[in-house]
Protein chains: 2
Amino acid sequence: MSSPKSRRRGGATIDLVLCSARAGRLHVLVVKSASGKPVLPFVWSVDGETLEETARELAKDITGHGIPWMAPGVATASKKHPAESALSVPFVGVMSATTPTASGSAWVAVDALPALAPRQKALAEGALETLRLHMDVAPVAFRLLPPAFTLSELQQVYELLLGRRLHKASFRRALQAAYLAEPTDEWRSEGRGRPAQLFRYSPRKRRGGHRSVRFDLIGR
Amino acid sequence: MSSPKSRRRGGATIDLVLCSARAGRLHVLVVKSASGKPVLPFVWSVDGETLEETARELAKDITGHGIPWMAPGVATASKKHPAESALSVPFVGVMSATTPTASGSAWVAVDALPALAPRQKALAEGALETLRLHMDVAPVAFRLLPPAFTLSELQQVYELLLGRRLHKASFRRALQAAYLAEPTDEWRSEGRGRPAQLFRYSPRKRRGGHRSVRFDLIGR
DNA sequence: ATGAATAAGTAACATTTCGCAACTAATGTC
DNA sequence: GACATTAGTTGCGAAATGTTACTTATTCAT
């Protein structure tokens, strides 16, 4: 897990919570530790690099791909870490469920986690909150999907993140008004029902773009 | 800065970015280090305590008061720290500008910071982003005010956080619809103009409370 | 005192957004 | 071909929001 050049700077590890959406549930990537137990990927903090740079390198080592969106999570020092690190600085990344998963790693649902070390379990469970915090301001939902996706898929991801069902027509109207997605000329037939048009994330420059006051979510 | 019981766990410091709003600008609390230079309050991470617990204790030591709202910031390992800590875990707290400031500490505007160590300067400059990230979901603006405040004061804090002017009537209607503030029977005369009624933050149980899709802020 | 200046607070109206239901369209299954 | 299933659209009433204008209460200058 720890490359030869790494030093145990500060006894802090960078822990990765890589997320994808499968079957309407949030999943995180789990690997096997040297002792065979399931762990979130982690690495000792490396001098001379940004924490996020280190996290992205680790992610690339594990998945073989760059991570389309990533944000820092909530640093945690309490509870037991698999490598006994004093402090974990988590990074929460998202990727498409269609990205091939390397052997030795597995996607597990966050609401049915295996026997992770307590700290890593808490980090994984905190990932959804981090995603929710950023989803209004960053293309989190879009990055949980492959480059081409259907609007139903996008809506399902939003429903997963928000934890509630959405209305189809309202969802599409709002999306269109924001000029965030562009239709491609491709269609996908999922078996039953009418084929769906594929869209691409392509934010166009918008006028206005001023955020308004939002009282409705304060205090639960 | 570092109490006798503290150990340099992990070479990580907890750095405090205490914020208040004064004259329409965001201010942070700066203290004098042993060598006389201005620094953000910090402490070496303490074993057996939650990071936030440690941060709250430090804040109480510095200000003499509890902090009405606090959130973890973005952990940073790059740039120079005043104590050469390998890693900073910042906490961003807010308090009323009316809270008496202890001697030896001073409020400075974030857009006119003194010669802080580069890392702490970056932490202070990142505070506004952290506040913005949470303001829709937590009573950040209310906690930047004293328990009793006028609606104009509240609006000014929102304008500071959002970075733009708001319309008075819309602001008040939205606030009323959210059942977040309760009028007191007190009024305050600020010198010129009609006296303003004082309000108190008192979130009442609301029906619904379901958050909606928000595309309008994605991708700047 | 009277009235200008200033700031708080309200009312009314146009515009936009949103929730909802009903509808059309394209595909697979029996 | 009838039917189930999923995608996508349309129209309407309700609710939220932006804007302008107005009223109320106070200080300050004359």
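Chain A is the first sequence line, chain B the second, and so forth, proteins listed ahead of strands; every chain is numbered from 1.
For an aromatic pair to be called close, the ring centres must be under 6.0 Å apart, and B:Y158 with B:F171 satisfies this.
Residue A:R194 places no side-chain atom within donor-acceptor reach of the base of C:dG28, judged by atom type and a 3.5 Å distance cut-off alone.
Side-chain atoms of B:R200 and B:T184 form no donor-acceptor pair, as typed in the model, at a separation below 3.5 Å. Side-chain N/O atoms of A:S96 and A:T98 include a donor and acceptor closer than 3.5 Å.
The nearest whole Å value for the distance from the NZ atom in B:K168 to the C1' atom in C:dT6 is 11 Å. The distance from atom CD of A:Q197 to atom P of C:dT24 is 21 Å, rounded to the nearest whole Å. Summarising the geometry, the separation between CZ on A:R165 and C1' on C:dG19 is reported as 15 Å, rounded to the nearest angstrom. The separation between B:L154 atom CG and C:dG9 atom P is 12 Å, rounded to whole Å. When the P atom of C:dG9 is taken as reference, atom CZ of B:R188 falls 11 Å away, rounded to whole Å. Atom P of nucleotide C:dT10 and atom NE2 of B:H167 are separated by 18 Å, given to the nearest angstrom. Counting to the nearest Å, the P atom of C:dG9 and the CG atom of B:L166 are 16 Å from each other. Here C:dT17 presents its P atom at 12 Å from CZ of A:R214, a figure rounded to the nearest Å.
Using a 4.0 Å heavy-atom criterion, one finds that B:S212 contacts no nucleic acid atom at all. Among the heavy atoms of the strands, none lies under 4.0 Å from B:E190. The residue A:S152 sits close only to the backbone: its heavy atoms come under 4.0 Å of sugar-phosphate atoms, none of a base.
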Let me see the working for B:L29 and B:L16 under side chain to side chain contact (heavy atoms under 4.5 Å, CB included), right down to the final yes or no.
CA-CA 9 Å; B:L29 192 72; B:L16 261 193; over 6 Å; no
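Toward the 5' end of DNA chain C, the nearer of the two residues B:A169 and B:Q156, judged by each one's closest nucleotide, is B:Q156. Comparing B:F199 and A:R164, the nucleotide of DNA chain C nearest to each residue sits closer to the 5' end for B:F199. When each of B:R192 and A:Q176 is assigned the nucleotide of DNA chain D with its nearest heavy atom, A:Q176 is the one assigned upstream, toward the 5' end.
Under the ring pair (Phe, Tyr, Trp, His ring centres under 6.0 Å) criterion, B:H27 pairs with no residue, sequence neighbours left out.
Between A:M95 and A:S20, the shortest heavy-atom distance links the atoms O-CB, 3.5 Å.
When DNA chain D is scanned in the 5' to 3' direction for atoms under 4.0 Å from non-hydrogen atoms of chain B, the outermost contacting nucleotides are D:dT17 to D:dT27.
No side-chain heavy atom of B:V89 sits under 4.5 Å from any side-chain heavy atom of B:S45.
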